[in-house]
Asker: 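Input: one structure, supplied below.
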Amino acid sequence: MTFIVLDIESFYSKEYTLKKLTTEEYVRDPQFKTHCIGAYRPSMMSKPQIIPVESLAFWCRGAPIIGHHLHFDYLILNHHYGIKADALVDTLSMARAVLPELKSHSLSALVKHYGLPDKTIDYQAFAGVRDLPPETQEMLEQGCLHDVWLTYQIAQKLLEVFPKVELPIVDLTCRMFTEPSVLLDTPMAQAELDRIRAAKSTALAHLGVTREELQSSAKFSECLTRVGCPTPMKFSQKQNKEIPALAKTDEGMKELLGHPDPRVVALAAARQGEKSTLMETRLERLISMQSRGPLCLYLNYFGAGNTGRWSGGGKINPQNFPPAIQRALVAPEGFKFVKIDSAQIECRLLNYFAGQEDVTEMFRAGRDVYAESASKFYGRQITKADKSERFLFKVLELSAGYGVGHVKVRSGLAQGALGGEPVFISEEEARALVNTYRSSHPEVVKLWKKYDKWLDQMMRSPPEERKFMLPNGTWLDWSELRYDGNDYYRGEQKCWGGLVVENIIQALGRVLMAEIMIRVKKTYPEYKLVLTTHDDLVYLVPENDTKALERIGEQFKIAPSWAPGMPLSYDVYEGERYNK
């Protein structure tokens, strides 16, 4: 196999650095300058060598590019030098999948793990220096060549264990970021940013609280006290004491959003909106990014270690763009978006593998599982027109299906589950909903109990054997599983059978999506994948292509070899914008 290993060293300074800028901001900044490019193409070179930028196209022609963090190196190659790679093999991505036990997958961390010679570059020697003196240039070039050799050695070791079937997925993931095409409707994005800022100011005035009171945990506790609500607490191992549980992900904060007193709910919602400026910063970053070119949508291959799913990067997390941002994303001239969603994929997988045949048969017959379950609960026919009732049971299938109790179901709805509007229900209604689910899904309940026992079996195994193997040859790592005498923990996360089932089902969903990605790439290489968000794929296709929906959609209906007969379906959308 012919390939080329590349490493690029570039100018940086105290302010112009990857420690302060995203990869896209750094690479597409006017200050960017390449100091040197190291390469090793074994079929044409006896050892790594420095190559001039003028000969890049020659050395890269017809060869997959291997590098460590190709989101960086290949964005440089593509953006600054117009290089189009045959294939991308990223050692950082591969390491996440096959070395999940490592806390870091940097080149230095992998060098240490494999017992290779340390990196030799003294980065402080050229910080802030655009034009390097000869001795510094020589030092940097030698260090660059050493990094190329290290990357080659690491790639060899990773390729021995990394599933070959996943290499095209690594390639596609890198290209979503490094070969950008999606555009931003800047006026629409700016209008949404202005609307959010105005709404926050109005909300503060209505509640009679200040921004400082919402942002400070101590002052927010005083606000809760004024309306007769105690501050939720949690134990901090780091501080070795009880502290306010007021972070967005804290269970105590989630419970405030489901509090029976509307004043408490309003305060909690306002703190979430004020404390988390994610929507504002995302819009600001996207507007700024569009000024430099098409949007680089950063996904981390195997970024979510618990499930092997992708995770979002680049400080914009494109995996969970809200509708307002989705509507501002525009296809380039001559193209349109085709978005295919694997309909109810988690629910289908869960009931199929649990052996809940009645629900699986409902899917096979094309019936509306969410509406029919809601109809039984409410004692009247629920259709898609009954959006609130049907949505409630969609949330229930995807939360109670993993053993979640009524308290978490209720707080999840109050936070706006699945990206929907907040839904407030009583504790009694939440308990009734969960009981209804469990009584109507006995095989799913048995599956949770099966994996309660699995946790015990894993604890009896050596840490290196605590794995759940997936059909694509990757695995879920449970080496950090521990038992404190009462409960199981994976790191700091409390575990039970339902949580294990959730991880497995979501991992299988990710494997299924990857198989579809590969089939579409092989069958219709002209369709460009620009994003995936867990259970959907987003492509850019020629605007006059009337068959793209059907062609891609058919790939979503093929049951995988590891789940024969599982009924699958899909929802479709096409248009000049990412979302209508």
Asker: State plainly whether the residues Glu574 and Lys336 are in salt-bridge range, i.e. N to O under 4.0 Å.
Answerer: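 Result for this pair is yes, salt bridge flagged.
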Asker: Determine, using ring centers only, whether Phe126 and Tyr12 are less than 6.0 Å apart.
Answerer: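 So the answer is yes for these two rings.
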Asker: Any ion pair linking Glu192 and Arg327 (charged N to carboxylate O, less than 4.0 Å)?
Answerer: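 A salt bridge is absent here (no side-chain N lies under 4.0 Å from a carboxylate O).
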Asker: State, without any angle test, whether Trp562 and Glu515 hold a side-chain donor-acceptor pair at a distance under 3.5 Å.
Answerer: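 Yes, side-chain donor-acceptor contact under 3.5 Å.
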Asker: Hey, does Leu529 have a side-chain heavy atom less than 4.5 Å from the side chain of Tyr527?
Answerer: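 Side-chain contact under 4.5 Å: no.
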Asker: More than 12 heavy atoms of other residues, nucleotides or ligands under 6.0 Å from NZ of Lys234: yes or no?
Answerer: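 Result for NZ/Lys234: enclosed.
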Asker: Under the side chain to side chain contact (heavy atoms under 4.5 Å, CB included) rule, what do Glu101 and Leu99 come out as? Steps first, then yes or no, please.
Answerer: CA-CA 5 Å; Glu101 69 276 12; Leu99 297 171; 3.7 Å; yes
Asker: Is any side-chain heavy atom of Trp478 closer than 4.5 Å to a side-chain heavy atom of Ser461?
Answerer: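 With C-beta onward as the side chain, the pair stays apart.
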Asker: In terms of side-chain geometry, is the basic nitrogen of Asp118 or Lys112 positioned less than 4.0 Å from the acidic oxygen of its partner?
Answerer: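 Looking at Asp118 and Lys112, the cut-off is not met.
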Asker: Any Lys/Arg nitrogen of Asp477 or Lys467 sitting under 4.0 Å from an Asp/Glu carboxylate oxygen of the other?
Answerer: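 Salt bridge: no.
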Asker: Could you tell me whether the side chains of Trp310 and Thr173 share a donor-acceptor contact shorter than 3.5 Å?
Answerer: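 Note: Trp310 and Thr173 side chains meet the donor-acceptor criterion.
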Asker: What distance separates Leu183 CG from Met289 CE, expressed to the nearest 0.5 Å?
Answerer: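 Answer for the CG-CE pair, Leu183 versus Met289, is 12.5 Å.
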Asker: Does Pro542 offer a backbone N or O that forms a donor-acceptor pair with the side chain of Asp545 under 3.5 Å?
Answerer: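 No: the side chain of Asp545 does not pair with the backbone of Pro542.
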Asker: Report the distance from atom CZ of Arg577 to atom CG of Leu329, rounding to the nearest 0.5 Å.
Answerer: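 Arg577 atom CZ to Leu329 atom CG measures 9.0 Å (nearest 0.5 Å).
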Asker: To the nearest 0.5 Å, what is the distance between CG on Leu297 and CE on Met176?
Answerer: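 Answer for the CG-CE pair, Leu297 versus Met176, is 9.0 Å.
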Asker: Inspect the surroundings of NZ in Lys164 and state if more than 12 heavy atoms from other residues, nucleotides or ligands are less than 6.0 Å away.
Answerer: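 Yes, enclosed.
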Asker: Under 3.5 Å, is there a donor-acceptor pair between the Arg519 and Tyr524 side chains?
Answerer: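 No, no side-chain donor-acceptor pair sits under 3.5 Å.
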Asker: Go through Ile316 and Tyr298 one step at a time and tell me if the side chain to side chain contact (heavy atoms under 4.5 Å, CB included) criterion holds.
Answerer: CA-CA 8 Å; Ile316 57 170; Tyr298 198 124; 5.8 Å; no
Asker: Do we see a donor-acceptor contact under 3.5 Å between the side chains of Asp535 and Ser342?
Answerer: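 Per modelled atom types, Asp535 and Ser342 side chains form no pair under 3.5 Å.
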Asker: Consider only side-chain N and O atoms of Thr281 and Lys315, and report whether a donor and an acceptor are under 3.5 Å apart.
Answerer: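 On atom types as modelled, these side chains do not qualify, holding no pair under 3.5 Å.
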Asker: In terms of side-chain heavy atoms, does Tyr402 have a donor or acceptor partner in Gln506 at a distance below 3.5 Å?
Answerer: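 No donor-acceptor contact under 3.5 Å links the two side chains.
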Asker: Distance check, rounded to the nearest 0.5 Å: Tyr488 atom OH versus Leu499 atom CG?
Answerer: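 Between Tyr488 OH and Leu499 CG, I get 14.0 Å after rounding to 0.5 Å.
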Asker: With the threshold set at 4.0 Å, does a side-chain nitrogen-carboxylate oxygen contact exist between Lys103 and Glu480?
Answerer: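 Salt bridge between Lys103 and Glu480, a charged N being under 4.0 Å from a carboxylate O: yes.
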Asker: Going by atom types alone, do Asn503 and Arg490 pair a side-chain donor with an acceptor below 3.5 Å?
Answerer: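 There is such a pair (donor and acceptor under 3.5 Å, judged by atom type) between the side chains of Asn503 and Arg490.
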Asker: Here's one to test your reading of the geometry: is the NZ or CZ of Arg96 within 45 degrees of the ring axis of Phe302 and under 6.0 Å from its centre?
Answerer: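 No.
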Asker: Is a donor on one side and an acceptor on the other found under 3.5 Å between the side chain of Thr523 and the backbone of Val520?
Answerer: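 No; zero donor-acceptor contacts below 3.5 Å.
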Asker: Should Asp7 and Thr151 count as side-chain neighbours, where that means a heavy-atom distance under 4.5 Å?
Answerer: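 Answer no - side chains too far apart.
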Asker: Given side chains that start at C-beta, do those of Leu77 and Leu56 come closer than 4.5 Å, heavy atoms only?
Answerer: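 When only atoms from C-beta onward are counted, Leu56 and Leu77 do touch, with a gap below 4.5 Å.
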Asker: Would you say the side chains of Ser10 and Tyr26 form a donor-acceptor pair under 3.5 Å?
Answerer: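 Yes, side-chain donor-acceptor contact under 3.5 Å.
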Asker: When rounded to the nearest 0.5 angstrom, what is the spacing between CG in Leu6 and NE2 in His68?
Answerer: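 Answer rounded to 0.5 Å: 14.5 Å.
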Asker: With a 6.0 Å cut-off on ring centres, are Phe11 and Tyr16 close enough?
Answerer: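 Between Phe11 and Tyr16, the centre distance is under 6.0 Å.
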Asker: Can you tell me if Arg130 has over 12 outside heavy atoms packed within less than 6.0 Å of its CZ?
Answerer: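 Count over threshold, so yes.
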Asker: Would Asp131 and Lys33 pass as an ion pair if we require N to O under 4.0 Å?
Answerer: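 Yes, Asp131 and Lys33 are salt-bridged.
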Asker: Is any side-chain heavy atom of Leu455 closer than 4.5 Å to a side-chain heavy atom of Val500?
Answerer: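 Yes; the side chains approach each other to less than 4.5 Å.
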Asker: Is the number of heavy atoms from other residues, nucleotides or ligands within 6.0 Å of CD (Glu333) greater than 12?
Answerer: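 12 or below, so no.
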Asker: With a 4.0 Å cut-off on N to O distance, would you call Arg285 and Glu25 a salt bridge?
Answerer: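 Counted as a salt bridge, because a side-chain N and a carboxylate O are separated by less than 4.0 Å.
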Asker: Among Phe3, Trp149, Trp59, Tyr152, find the one that has a ring-ring contact (aromatic ring centres under 6.0 Å, His included) with Tyr40.
Answerer: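 Going through the options one by one, the only one that passes is Tyr152.
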Asker: Dump the intermediate steps for side chain to side chain contact (heavy atoms under 4.5 Å, CB included) on Asn472 and Val511, then the final yes or no.
Answerer: CA-CA 7 Å; Asn472 63 352; Val511 172; 3.8 Å; yes
Asker: Can a donor-acceptor pair be found, under 3.5 Å and without considering hydrogens, that links the side chain of Asp90 to the backbone of Leu70?
Answerer: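 Checking the backbone N and O of Leu70 against the side chain of Asp90, a donor-acceptor pair under 3.5 Å is found.
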Asker: Say whether, by atom type as modelled, one donor and one acceptor occur between the side chain of Tyr74 and the main chain of Ile83 under 3.5 angstrom.
Answerer: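 Pair found, side chain donor or acceptor close to backbone of Ile83.
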Asker: Would you please say whether a donor-acceptor pair under 3.5 Å links the side chains of Gln156 and Glu160?
Answerer: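 Note: Gln156 and Glu160 side chains miss the donor-acceptor criterion.
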Asker: For the residue pair Tyr81 / Thr34, report whether a side-chain donor-acceptor contact shorter than 3.5 Å exists.
Answerer: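 There is such a pair (donor and acceptor under 3.5 Å, judged by atom type) between the side chains of Thr34 and Tyr81.
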Asker: Tell me if a side-chain donor or acceptor on Glu9 pairs with a main-chain N or O of Leu140 at a distance below 3.5 Å.
Answerer: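 No; judged by distance alone, with no hydrogens or angles, the pair does not exist.
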Asker: So do the side chains of Val5 and Pro48 get within less than 4.5 Å of each other, counting heavy atoms only?
Answerer: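 The answer is no; the side chains never approach within 4.5 Å.
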Asker: Run the salt-bridge test on Arg61 and Asp86 with the 4.0 Å N-O cut-off and return the result as yes or no.
Answerer: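 No, no charged N to carboxylate O under 4.0 Å.
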Asker: To the nearest 0.5 angstrom, please state how far the CZ atom of Arg282 sits from the CG atom of Asn317.
Answerer: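 Arg282 atom CZ to Asn317 atom CG measures 5.0 Å (nearest 0.5 Å).
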Asker: State whether Arg510 and Glu166 are salt-bridged, where the test is any N-O pair (Lys NZ or Arg NE/NH1/NH2 against Asp/Glu carboxylate O) under 4.0 Å.
Answerer: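 Salt bridge between Arg510 and Glu166, a charged N being under 4.0 Å from a carboxylate O: yes.
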Asker: Does the side chain of Thr23 come under 3.5 Å of the side chain of His71 through a donor N or O and an acceptor N or O?
Answerer: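 The answer is no; no qualifying pair exists.
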Asker: Considering only heavy atoms from C-beta outward, does the side chain of Pro322 approach that of Gln326 to under 4.5 Å?
Answerer: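 When only atoms from C-beta onward are counted, Gln326 and Pro322 do not touch, as no gap falls below 4.5 Å.
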Asker: Is the shortest heavy-atom distance from the side chain of Lys339 to the side chain of Leu537 under 4.5 Å?
Answerer: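 They are not in side-chain contact.
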Asker: Would you please test Thr178 and Cys296 for side chain to side chain contact (heavy atoms under 4.5 Å, CB included) and show each step?
Answerer: CA-CA 7 Å; Thr178 56; Cys296 297; over 6 Å; no
